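Have a look at the structure below, then the notes.
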Amino acid sequence: MSYKTDIEIAREANKKPIMDIGAKLGISSDDLLPYGHDKAKVSQQFINSVQSKEDGKLILVTAINPTPAGEGKTTTTVGLGDGLNRIGKNAMICIREASLGPNFGMKGGAAGGGYAQVVPMEEMNLHFTGDFHAITSAHSLLSAMIDNHIYWGNECEIDVRRVAWRRVVDMNDRALRQINASLGGVANGFPRETGFDITVASEVMAILCLANDLKDLEKRLGDIIVAYRRDKTPVYCRDIKAEGAMTVLLKDAMQPNLVQTLENNPAFVHGGPFANIAHGCNSVIATKTALKVADYVVTEAGFGADLGAEKFMNIKCRKAGIAPSVVVVVATVRAMKMNGGVAKADLGAENVDAVKAGCANLGRHIENVKSFGVPVVVAINHFVTDTDAEVDAVKSYVEEHGSEAILSRHWELGSEGSEALAKRVAEIADADAANFAPIYPDDMSLFEKIETIAKRIYRADEVLADMKIRNQLREWEDAGYGHLPVCMAKTQYSFTTDPTQRGAPTGHSVPVREVRLSAGAGFIVVVCGEIMTMPGLPRKPAAESICLNDDGQIEGLF
């Protein structure tokens, strides 16, 4: 049996005018800044007007470690949101925007799939409302102003060997990871070594996603440490006098983007930090606004629960003062088989033993999420090749771990296929059984926070960090940054720092290669193993197959 592709389904969508979608949330046309007919930004004036309302229930969707077999976290997020609306709940979803880097690299588009998608699909996966361009431009402005400050006399006495601010571009380009800048003589400035990260790893991206309003945004931008002097005292963005102009560039980007699902239910799509190198959650302002206008808000955290969910709980919830009522962990039978040792080419054949062997990865994630004091439901994202025996094996395993697994067929059937999942999730959320708490306190030392995550979430035996890194952490503590949470930058494919180690390994070490202080965002980035903050393109990038067809439609992006 053949199925329509995601893009074919998206192009057949019966979209409603975005003003009608806003009306479902009580947002008048005066408070929407339209970008065409099917997307709009929500005004700060409206956001301010709903702050006195009671919060709805927050539902987090996370997943097992990603595999080439596919898990469908965003698809499940959209399907669950549609399912909640189908059973009569006032629900909406909050997800991240897509980065051009993976779209043209290996991952492809990020708007759900099948009959559980957010539209307009093509625009969301390309330039959308220009938020990423604004973030890249604001970051680049600060980069230019730092080097300009040094060129015109260096009043702040920046040590050019200690400029901490790297550049960014929203594309996978390994050639830019480490570069020499300002070459070519006196007119071009003072030569120095620098490099590029991808835009989603920018501290500006993290700041936009954690700021509560424009005033908070400007303050956080000013707090960015851009460089150090010879005596190692920090130079801030506010010392360069860049935060005001950066805020101007980010003024519109700060407003959440309103779009719709295939079933015409509202969705905020805003912000996009990666979870393997940043904190992996959509913006605080979008999530908190959604909680004021909907009774149930379904949001997601990037990659597996060891990265996205951990950062959602320890960073976003801590900073924003929010807490999930229930967490949905997404798994697939195919991924269980791959974790159980089955090759991708053989995933179509029934193999109950491999499913059982691969469930250890799922079990680890269930235990980890429960350690934050929140109830867990497993969503088995259905594939047509799944057999009843394989599905039952997952359900039995999950039941043995004190949770329940529900088969969801939203990809194939839309909200009809996610109705059972939606009913159970709503029941748990309404029961108010969550007793959420981060897994480490603010006053724990920075290295102990790293160890806590490595040992409790990754099940590592030890953290390997040389004296230079340990001394750097102590210096930051002495400077008043010891209360900050830590943001682990690590491969998404494994609990270890080795992407080939599937399942639920124990007895491993977590090597820390580098630590970075994101003073404006309010966390310490801990770079582990071989993870790169500027990805490279694969041998055969998706860009090779992306083009316009004779009808002017995009091919190959999805």
Side-chain angles (χ1 to χ4, degrees), residues 62-69 71 275-276 280 301-314 327 329-343 351 353-374 376 378 393-394 396-403 405 438-440 444-466 469-470 486-513 526-531:
T62 183
I64 61 171
N65 291 100
T67 70
E71 287 67 53
N276 59 348
F303 293 126
D306 58 314
L307 286 171
E310 181 270 307
K311 295 173 184 180
F312 181 90
M313 311 282 199
N314 281 323
V327 175
V329 178
V330 180
T332 62
V333 166
R334 289 165 56 87
M336 293 299 92
K337 286 192 280 192
M338 183 161 270
N339 269 291
V342 176
N351 192 331
D353 288 340
V355 171
K356 292 178 179 178
C359 277
N361 185 270
L362 173 59
R364 174 77 58 79
H365 288 296
I366 294 172
E367 292 171 10
N368 285 345
V369 173
K370 281 186 173 182
S371 71
F372 288 92
V374 289
V376 176
V378 172
V394 177
S396 297
Y397 180 90
V398 172
E399 187 175 348
E400 292 169 4
H401 281 68
S403 294
I439 63 169
Y440 57 77
M444 181 182 280
S445 74
L446 293 174
F447 191 74
E448 285 179 308
K449 290 172 183 175
I450 298 169
E451 283 189 315
T452 298
I453 294 171
K455 292 179 178 180
R456 290 185 56 179
I457 302 297
Y458 309 155
R459 302 300 203 279
D461 280 352
E462 61 181 348
V463 173
L464 303 176
D466 62 28
I469 288 172
R470 292 172 187 256
V486 294
C487 181
M488 306 295 282
K490 181 188 75 70
T491 179
Q492 65 269 32
Y493 298 113
S494 174
F495 281 105
T496 74
T497 56
D498 178 357
T500 66
Q501 295 295 307
R502 302 196 190 280
T506 58
H508 55 94
S509 302
V510 175
V512 176
R513 191 177 84 238
V526 183
V527 184
C528 303
E530 300 301 317
I531 192 71

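Each residue takes its place number in the sequence, starting with 1. In this text the structure is predicted, and so the values were computed from the model without any measurement.
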What is the distance from atom [atom1] of [X] to atom [atom2] of [Y], rounded to the nearest 0.5 Å?
{"X": "Arg470", "Y": "Phe447", "atom1": "CZ", "atom2": "CZ", "result": "3.5 Å"}
{"X": "Leu446", "Y": "Glu448", "atom1": "CG", "atom2": "CD", "result": "9.5 Å"}
{"X": "Thr62", "Y": "Glu71", "atom1": "OG1", "atom2": "CD", "result": "10.5 Å"}
{"X": "Ser403", "Y": "Glu367", "atom1": "OG", "atom2": "CD", "result": "10.0 Å"}
{"X": "Arg513", "Y": "Glu530", "atom1": "CZ", "atom2": "CD", "result": "6.0 Å"}
{"X": "Asn368", "Y": "Arg364", "atom1": "CG", "atom2": "CZ", "result": "7.0 Å"}

From the options Asp306, Thr497, Asn276, Thr496, select the one residue that forms a side-chain hydrogen bond (donor to acceptor under 3.5 Å, both in side chains) with Lys490.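 By the side-chain hydrogen bond (donor to acceptor under 3.5 Å, both in side chains) criterion, Lys490 pairs with just one of Asp306, Thr497, Asn276, Thr496: Asp306.
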Going by the side-chain hydrogen bond (donor to acceptor under 3.5 Å, both in side chains) test, name the single residue among Arg502, His365, Gln501 that passes it with Asn65. His365
Identified side chain to side chain contact (heavy atoms under 4.5 Å, CB included) partner of Ile469 from the options Val512, Val526, Ile450: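 Considering Val512, Val526, Ile450, a side chain to side chain contact (heavy atoms under 4.5 Å, CB included) with Ile469 is found only for Val512.
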Could you go step by step and tell me if Asn314 and Phe372 meet the side chain to side chain contact (heavy atoms under 4.5 Å, CB included) rule? CA-CA 9 Å; Asn314 281 323; Phe372 288 92; 3.7 Å; yes
Search all heavy atoms of [X] against all heavy atoms of [Y] and return the closest pair with its distance.
{"X": "Val378", "Y": "Ala331", "value": "CG1-CB, 4.5 Å"}
{"X": "Phe312", "Y": "Ala301", "value": "CB-CB, 4.1 Å"}
{"X": "Ala335", "Y": "Thr67", "value": "CB-OG1, 3.7 Å"}
{"X": "Ala275", "Y": "Lys311", "value": "O-NZ, 2.5 Å"}

Step-by-step side chain to side chain contact (heavy atoms under 4.5 Å, CB included) determination, Leu307 to Tyr458: CA-CA 10 Å; Leu307 286 171; Tyr458 309 155; 4.1 Å; yes
With no hydrogens and no angle check, is any side-chain donor or acceptor of Asp461 less than 3.5 Å from a backbone partner on Ser509?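 Checked: no pair found.
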Got [X] and [Y] here, is their nearest side-chain heavy-atom distance under 4.5 Å?
{"X": "Val463", "Y": "Lys455", "value": "no"}
{"X": "Met313", "Y": "Val374", "value": "yes"}
{"X": "Thr500", "Y": "Ser494", "value": "no"}

Applying side chain to side chain contact (heavy atoms under 4.5 Å, CB included), run through Ile457 and Ile439 and close with a yes or a no. CA-CA 10 Å; Ile457 302 297; Ile439 63 169; 3.9 Å; yes
Evaluate the criterion side chain to side chain contact (heavy atoms under 4.5 Å, CB included) for residue pair Lys337 and Val333; output intermediate values, then yes/no. CA-CA 6 Å; Lys337 286 192 280 192; Val333 166; 4.0 Å; yes
Report, as yes or no, whether the 6.0 Å neighbourhood of atom CD on Glu399 holds more than 12 heavy atoms from other residues, nucleotides or ligands. no
Cation-aromatic face contact Arg459/Phe495, 6.0 Å, 45 degrees: no
